[in-house]
**Student:** 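There's a structure below that I have some questions on.
Quick note: numbers below take in every heavy atom, side chains included, and nothing from hydrogens, waters or symmetry partners. Index from 1, following the sequence.
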Amino acid sequence: QVQLVESGGGLVRAGGSLRLSCAASGISLSDRTVDWYRQAPGNQRELVATIANTGGTNYADSVKGRFTISRDNAKNTVYLQMNSLKPEDTAVYSCRAWPVWGQGTQVTVSS
C-alpha cells in the first residue's frame, strides 16, 4: 500500500520551467525527510534536493537558485519547482521517502 508516484515531467525548452510532484499513499510525508534524485544515461545518480521533516531544505550546487523543494501536507505531496532549465538537467527524476522510492519521471530539456 505504501507508494510514491511522481508526475509533471516532460519536454521543455532551455530556460523553461516544470513542476514535479511526488504524491504519497500509505505513508505520511509530513514526518519524513523527502529527497529528489536524478540520473541521466551514463551518469551517477545525483541528489538534487532535500526537505527535512522539520522543513529545512538543501540543494545541490548545480541546481541552487533555480530549483525549489516544498511540501503540501494537506495533499501529502512534495514538489520540485524547476526554473531556468538547462539541457544538462535532462534526467529521470525520482523521489524518496526512506526507504520508499517512486518510479521516476522523465525530464528532457532541449537546447
**Student:** Can you name the salt bridge (charged side-chain N to carboxylate O under 4.0 Å, His left out) partners of E46, sequence neighbours left out?
**Tutor:**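 Residues passing salt bridge (charged side-chain N to carboxylate O under 4.0 Å, His left out) with E46: R38.
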**Student:** Just grab all the ring-ring contact (aromatic ring centres under 6.0 Å, His included) pairs involving residues 5-24, residues at least two apart or on different chains.
**Tutor:**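 Counting only pairs at least two positions apart or across chains, no ring-ring contact (aromatic ring centres under 6.0 Å, His included) contact touches residues 5-24.
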**Student:** With sequence neighbours left out, what residues match N83 under side chain to side chain donor-acceptor pair (under 3.5 Å)?
**Tutor:**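 S17, Q81.
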**Student:** What's the separation between atom CG in N76 and atom SG in C22, rounded to the nearest 0.5 Å?
**Tutor:**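 One gets 9.0 Å once the value is rounded to the nearest 0.5 Å.
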**Student:** To check you understand the geometry: which heavy-atom pair defines the closest contact between A14 and S111, and what is its length?
**Tutor:**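 Smallest interatomic distance, heavy atoms only, reads CB-CA, 4.4 Å.
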**Student:** Measure the spacing between OG1 of T57 and CZ of R71 and express it to the nearest 0.5 Å.
**Tutor:**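 Answer for the OG1-CZ pair, T57 versus R71, is 10.5 Å.
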**Student:** With sequence neighbours left out, what residues match T77 under side chain to side chain contact (heavy atoms under 4.5 Å, CB included)?
**Tutor:**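 Side chain to side chain contact (heavy atoms under 4.5 Å, CB included) check on T77 returns S21, A23, K75, Y79.
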**Student:** Just grab all the salt bridge (charged side-chain N to carboxylate O under 4.0 Å, His left out) pairs involving residues 8-29, residues at least two apart or on different chains.
**Tutor:**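 Applying salt bridge (charged side-chain N to carboxylate O under 4.0 Å, His left out) to every pair that reaches into residues 8-29, excluding sequence neighbours, yields nothing.
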**Student:** To check you understand the geometry: which heavy-atom pair defines the closest contact between G104 and S94, and what is its length?
**Tutor:**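 Here G104 and S94 meet closest at CA-OG, 3.5 Å.
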**Student:** Quick one: does E6's side chain have a donor or acceptor within less than 3.5 Å of a partner on Q103's backbone?
**Tutor:**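 A pair under 3.5 Å: yes.
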**Student:** Please name all residues satisfying side chain to side chain donor-acceptor pair (under 3.5 Å) with T33, sequence neighbours left out, ordered by chain then number.
**Tutor:**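 Partners of T33 under the side chain to side chain donor-acceptor pair (under 3.5 Å) test: none.
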**Student:** Connecting only ILVMFWY residues whose side-chain heavy atoms lie within less than 4.5 Å of each other, what is the rest of W36's hydrophobic cluster?
**Tutor:**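 Members alongside W36: V2, L4, V12, L18, L20, I27, L29, V34, V48, I51, Y59, V63, F67, I69, V78, L80, M82, L85, Y93, V100, V107, V109.
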**Student:** Who are the side chain to side chain donor-acceptor pair (under 3.5 Å) partners of Q106, not counting sequence neighbours?
**Tutor:**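 T108.
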**Student:** Taking side chain to side chain donor-acceptor pair (under 3.5 Å) as the test, write out the residues that go with S70, two or more places apart.
**Tutor:**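 Here no residue qualifies.
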**Student:** Got a sec, which residues hit salt bridge (charged side-chain N to carboxylate O under 4.0 Å, His left out) with K64, two or more places apart in sequence or on another chain?
**Tutor:**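 Applying salt bridge (charged side-chain N to carboxylate O under 4.0 Å, His left out) to K64 gives D61.
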**Student:** Test of understanding: with salt bridge (charged side-chain N to carboxylate O under 4.0 Å, His left out), list the residues that count as partners of R66, not counting sequence neighbours.
**Tutor:**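 Residues passing salt bridge (charged side-chain N to carboxylate O under 4.0 Å, His left out) with R66: D89.
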**Student:** For L47, give me all partners under side chain to side chain contact (heavy atoms under 4.5 Å, CB included), at least two apart in sequence or on another chain.
**Tutor:**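 Residues passing side chain to side chain contact (heavy atoms under 4.5 Å, CB included) with L47: D35, Y37, T50.
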